[in-house]
> 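Here you go, one structure.
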Amino acid sequence: MAITNLSSTFSYSLLLTLLFFHAVLAQSHNQTKSAFEFLNHLQGCHKGDRAKGVRELKHYLEKFGYLNYNQSSDPIHADDDDFNDALESAVKTYQLNYHLNVSGNLDPQTVSKMMMPRCGVADIINGTARMGSGKKGRNLRGLGSFHPVSRYTFMNGNPRWPASKYHLTYGFAPGTPTAAKGAVSRAFTSWASISRFTFSYIKDYEIADIEIGFERGDHGDGTINSFDGPGGTIAHAFRPTIGLFHYDADERWAVGPAAGSQDIDLETVALHEIGHLLGLGHSDVEGAIMFSSIAPGTTKGLHEDDIQGIRALYNF
Ligand code: ZN
Ligand code: ZN
């Protein structure tokens, strides 16, 4: 094929990159169901039930910050299939946080929300409901009758980059596809345009302030931060000033996926994870980039809630 100008060279390499993603990732996708598939079988479950998969539900709610058996008076039940009081309470907190009917039951809306591909960062840290504490907190009392105010949060303890580090360098682990590099670079540009941060790419990723790469399964970030194959957890990033951002290599990634596609947008996820790198936690505003989950075949940009969040954190 003759490449006659820069524009077609770019399109051609983009096409090759997209084909690469499909070729590499389609195989595992076809063989394995979503890591959150177990939730489908739990629809209708409620307190008092005993069903296969409840144990996994407990692990799910623990991973994402809704259940902490280390602080529970009932530690024996952490690893069984009994839908007990502690689990019902965790489901209610989840439902409150996602503006669902607070029933404590696994109704279809709750299951559907829980099954969405999502970020691996917990919504709530150390068993403390993020919306129940602090002056910007939302009220956990009056379940069902109180409509909480939606907004951004910060990472636990409000970690920030010091003023001497408002210029950050970033680099990519060897083997990072070109399409991902482009998407991440554009996401940094978006955050720079609404904050006091500036970002620049450096080739030597080991000395960069922020290291970005693709990982799969248990990859050395601790068991609770393991990736889980296709679906389920799709990416994560660490609080300031750790500077680590990983995509799950087992997902179907794309640049600007078409509506209805099963591919997940690299740039949307990069915008989200950079929010964590800068110190933002999850927002319960569904339109915000810091909302915890993302539907395949969709793209998002920064939302007013994200902009208010980063400006509040850094007094900008
Ligand atoms: Zn997140
Ligand atoms: Zn990781």
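The shown structure was predicted, so the numbers you read here are calculated from the model rather than taken from an experiment. Indexing begins at 1, ligand by ligand and atom by atom, following the structure's order.
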> How about F197 and W191: are their ring centres within less than 6.0 Å of each other?
no

> Checking R50 against F83: charged group under 6.0 Å from the ring centre and within 45 degrees of the axis?
no

> So that I can tick it off, tell me whether D305 and R151 are bridged by a salt bridge, with the cut-off set at under 4.0 angstrom between side-chain N and carboxylate O.
no

> For the aromatic rings, using the six-membered ring if either is Trp, is the centroid distance between H282 and H276 under 6.0 Å?
yes

> Centroid separation under 6.0 Å, is that true for the rings of H219 and H236?
yes

> Confirm or rule out an N/O/S atom of D221, from backbone or side chain, lying less than 2.8 Å from the Zn ion (ligand 2).
yes

> Which value, rounded to 10°, describes the SG(C119)-the Zn ion (ligand 1)-NE2(H276) angle?
110°

> Angle at the Zn ion (ligand 2) between NE2 of H236 and ND1 of H246, to 10°?
120°

> Vertex the Zn ion (ligand 1): angle to NE2 of H272 and NE2 of H282, to 10°?
110°

> Can you tell me which N/O/S atom of H219 has the shortest distance to the Zn ion (ligand 2)?
NE2

